[in-house]
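Presented below is the structure to which this report refers.
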Protein chains: 2
Amino acid sequence: MVNLEIFCYNHFMKKDTREALLDSAFNTFYKHGFQGANIATILNDVGINKGSMYHFFKSKKALGLAVIEERIERNLVNKYASIKSVKELFDVLCSAPKSLAYGCPLNKMSQEMIYIDTDFQKLLSTTYAKFETLVQMILEREKVEDSELKAKQIIATYEGALMIYHLNQSSDGFERVLRCLEQNI
Amino acid sequence: MVNLEIFCYNHFMKKDTREALLDSAFNTFYKHGFQGANIATILNDVGINKGSMYHFFKSKKALGLAVIEERIERNLVNKYASIKSVKELFDVLCSAPKSLAYGCPLNKMSQEMIYIDTDFQKLLSTTYAKFETLVQMILEREKVEDSELKAKQIIATYEGALMIYHLNQSSDGFERVLRCLEQNI
DNA sequence: TCCTTACTTGACCTTTTAGTCAAGTAAAAA
DNA sequence: TTTTTACTTGACTAAAAGGTCAAGTAAGGA
């Protein structure tokens, strides 16, 4: 088997460095927070050097903003755009603890950054709006009344319940709270 | 008027330094996050020197834990222990944006620290449990059924709605979401 | 009055951090 | 083949951070 990768600087094919950087940065920011994360960890994780990163992103902040646009938002759309029914929506919401090891990435980043940096604030606010719209569309497909308010209510409950879940390290209550809400939709 | 303070090192009376330190640390951590906050800011704000702070708290972490115990938890108890009815509870919850400029201090600190440090995690988890108990007691006084689940639901919705409020910088929806929940209690 | 304790000062130390840069390498266009 | 462009290297910088410490000050008890 011919390994084309040996012709490259590292084990990535050119443009993949940027993607690997975004993946690692997403994970690192997700666990440690943006301010708490250090770039050396990400670099070490990806297996590249400083200059290589600063070729793609002019600063830590630029990397953070790109993570929001190209990972957090993308993941959200991937997860919610294909949902076909309210029942399915609640199933997906209830399964969150399985995939979201450190809470909701959007919520966590928001709580940390909205009063620290206005560029983060704007981007996070926009991303949230898209999330709300996706949920609202699911509700409207089933002619749920007051879909805007209901979408806010579902997201609020979901975000809060997920926070409680992580604080208690126990899923007791998480699903019950959401299923209880489902009854009232 | 005799000013007793002129006999002291700074403008505080002895033990007040610790309290002033906790006040400033609470505000600073609340706005910037624990990891994002720097001690120099707090010191400058209080008007004291490094060594003076390290006399009371052996590390930044110790200061953080003290802030949770002696400010975040205390504020929570002050706010919720005196509430007499479910109606009053929802009024207090609805007024949160007025007093909580950067979101819920407990939620914010939790999202940041639970997977960073287990001492923080334990303390925050305990503090949340007290919050939940306080809310549950209010519900039980009015013989609300399933008070434990209802308490979780109220807190979850409140926390999530507050997050959305801060992200959007607009109170549109916040109160409506809570009042809608109130109907179903 | 003296001594002990509690608190404060501010200079200093060490580590960590984000960010820079000149030089090098390889792929692809000319 | 030559040149250009894109990417990478790794040593370096400067600033910021948390934390230490010896010396000093004041209050209160003995």
Side-chain angles (χ1 to χ4, degrees), chain A residues 2-26 28-29 31-67 112-113 116-117 119-120, chain B residues 2-26 28-29 31-67 112-113 116-117 119-120:
Chain A
V2 179
N3 186 357
L4 290 170
E5 293 180 357
I6 60 169
F7 297 113
C8 291
Y9 308 87
N10 57 29
H11 60 291
F12 299 116
M13 300 294 291
K14 290 258 172 184
K15 272 227 157 176
D16 288 350
T17 300
R18 205 188 109 96
E19 293 300 301
L21 223 25
L22 285 170
D23 285 337
S24 177
F26 170 77
T28 309
F29 294 158
K31 178 164 186 189
H32 295 93
F34 177 76
Q35 298 176 111
N38 74 63
I39 289 178
T41 304
I42 298 169
L43 262 22
N44 191 53
D45 181 41
V46 176
I48 58 168
N49 292 84
K50 276 252 167 101
S52 196
M53 186 213 110
Y54 280 93
H55 172 74
F56 292 104
F57 304 98
K58 76 165 202 280
S59 62
K60 186 188 183 187
K61 173 175 167 175
L63 179 59
L65 294 173
V67 163
E112 181 185 4
M113 299 304 293
I116 300 289
D117 185 293
D119 292 318
F120 276 86
Chain B
V2 179
N3 186 359
L4 290 170
E5 293 180 357
I6 61 169
F7 298 114
C8 289
Y9 307 86
N10 57 30
H11 59 292
F12 299 116
M13 299 295 291
K14 290 256 170 188
K15 271 225 158 179
D16 288 350
T17 299
R18 206 187 108 97
E19 293 300 301
L21 223 25
L22 285 169
D23 285 337
S24 177
F26 169 78
T28 309
F29 294 158
K31 178 165 186 188
H32 295 94
F34 177 76
Q35 297 177 111
N38 73 64
I39 289 178
T41 304
I42 298 168
L43 262 22
N44 191 53
D45 181 39
V46 176
I48 58 169
N49 292 83
K50 277 247 167 105
S52 195
M53 187 212 111
Y54 281 93
H55 171 75
F56 292 104
F57 304 99
K58 76 166 203 278
S59 62
K60 186 188 183 187
K61 173 175 167 176
L63 178 59
L65 294 173
V67 163
E112 182 185 2
M113 300 303 294
I116 300 289
D117 185 293
D119 292 317
F120 276 87

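Naming convention: chains lettered A, B, ... in sequence-line order (proteins, then strands); numbering from 1 in each chain. Just so it is clear, the values below take in all heavy atoms, side chains as well, and ignore hydrogens, waters and symmetry mates.
Applying the side-chain contact (heavy atoms from CB on, under 4.5 Å) rule to B:F26 yields the partners B:Y30, B:V67, B:R71, B:I72, B:N75, B:P105; only residues at least two apart in sequence or on another chain are considered. With sequence neighbours left out, B:N44 forms a side chain to side chain donor-acceptor pair (under 3.5 Å) with no residue at all. When the side chain to side chain donor-acceptor pair (under 3.5 Å) test is applied to B:N49, no partner is found at least two apart in sequence or on another chain. Applying the side-chain contact (heavy atoms from CB on, under 4.5 Å) test to A:K58 and every residue at least two apart in sequence or in another chain returns A:A62. Remark: B:D45 pairs with B:S24 by the side-chain contact (heavy atoms from CB on, under 4.5 Å) rule, at least two apart or across chains.
The residue A:A62 sits apart from the nucleic acid: no heavy atom pair falls under 4.0 Å.
Under 4.0 angstrom from either OP1 or OP2 of C:dC7 there lies no side-chain N or O belonging to B:T17. For A:H55 and D:dT8, the shortest distance from a side-chain N or O to OP1 or OP2 is not below 4.0 Å.
Residues A:I39 and A:Y54 are in side-chain contact: their nearest non-hydrogen atoms beyond the backbone lie under 4.5 Å apart. The side-chain heavy atoms of A:H55 and A:R18, taken from C-beta on, include no pair separated by under 4.5 Å.
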- Note on the structure: In 5'-to-3' order, the base (B), backbone-only (S) or no-contact (-) status of each nucleotide in nucleotides 10-16 of chain C, using a 4.0 angstrom heavy-atom cut-off, is B------

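For A:K58 and D:dC7, the NZ to C1' distance is 20 Å, given to the nearest whole Å. Distance B:R18 CZ to C:dT8 P: 12 Å, rounded to the nearest Å. Atom CE in A:M53 sits roughly 17 Å away from atom P in D:dG10 (whole-Å rounding). Put simply, CZ on A:F34 is 14 Å from P on C:dT17, counting in whole angstrom units. The distance from atom NE2 of B:H32 to atom P of D:dA17 is 11 Å, rounded to the nearest whole Å.
Distances were taken from every side-chain heavy atom of B:K60 (C-beta onward) to each of D:dG19, C:dG19, C:dT9; the shortest belongs to D:dG19. Of the listed nucleotides (C:dG19, D:dG19, D:dC7), D:dC7 has the atom at the smallest distance from the side chain of A:F56. Closest to the B:I39 side chain, of the nucleotides D:dC7, C:dC7, D:dG18, is D:dG18.
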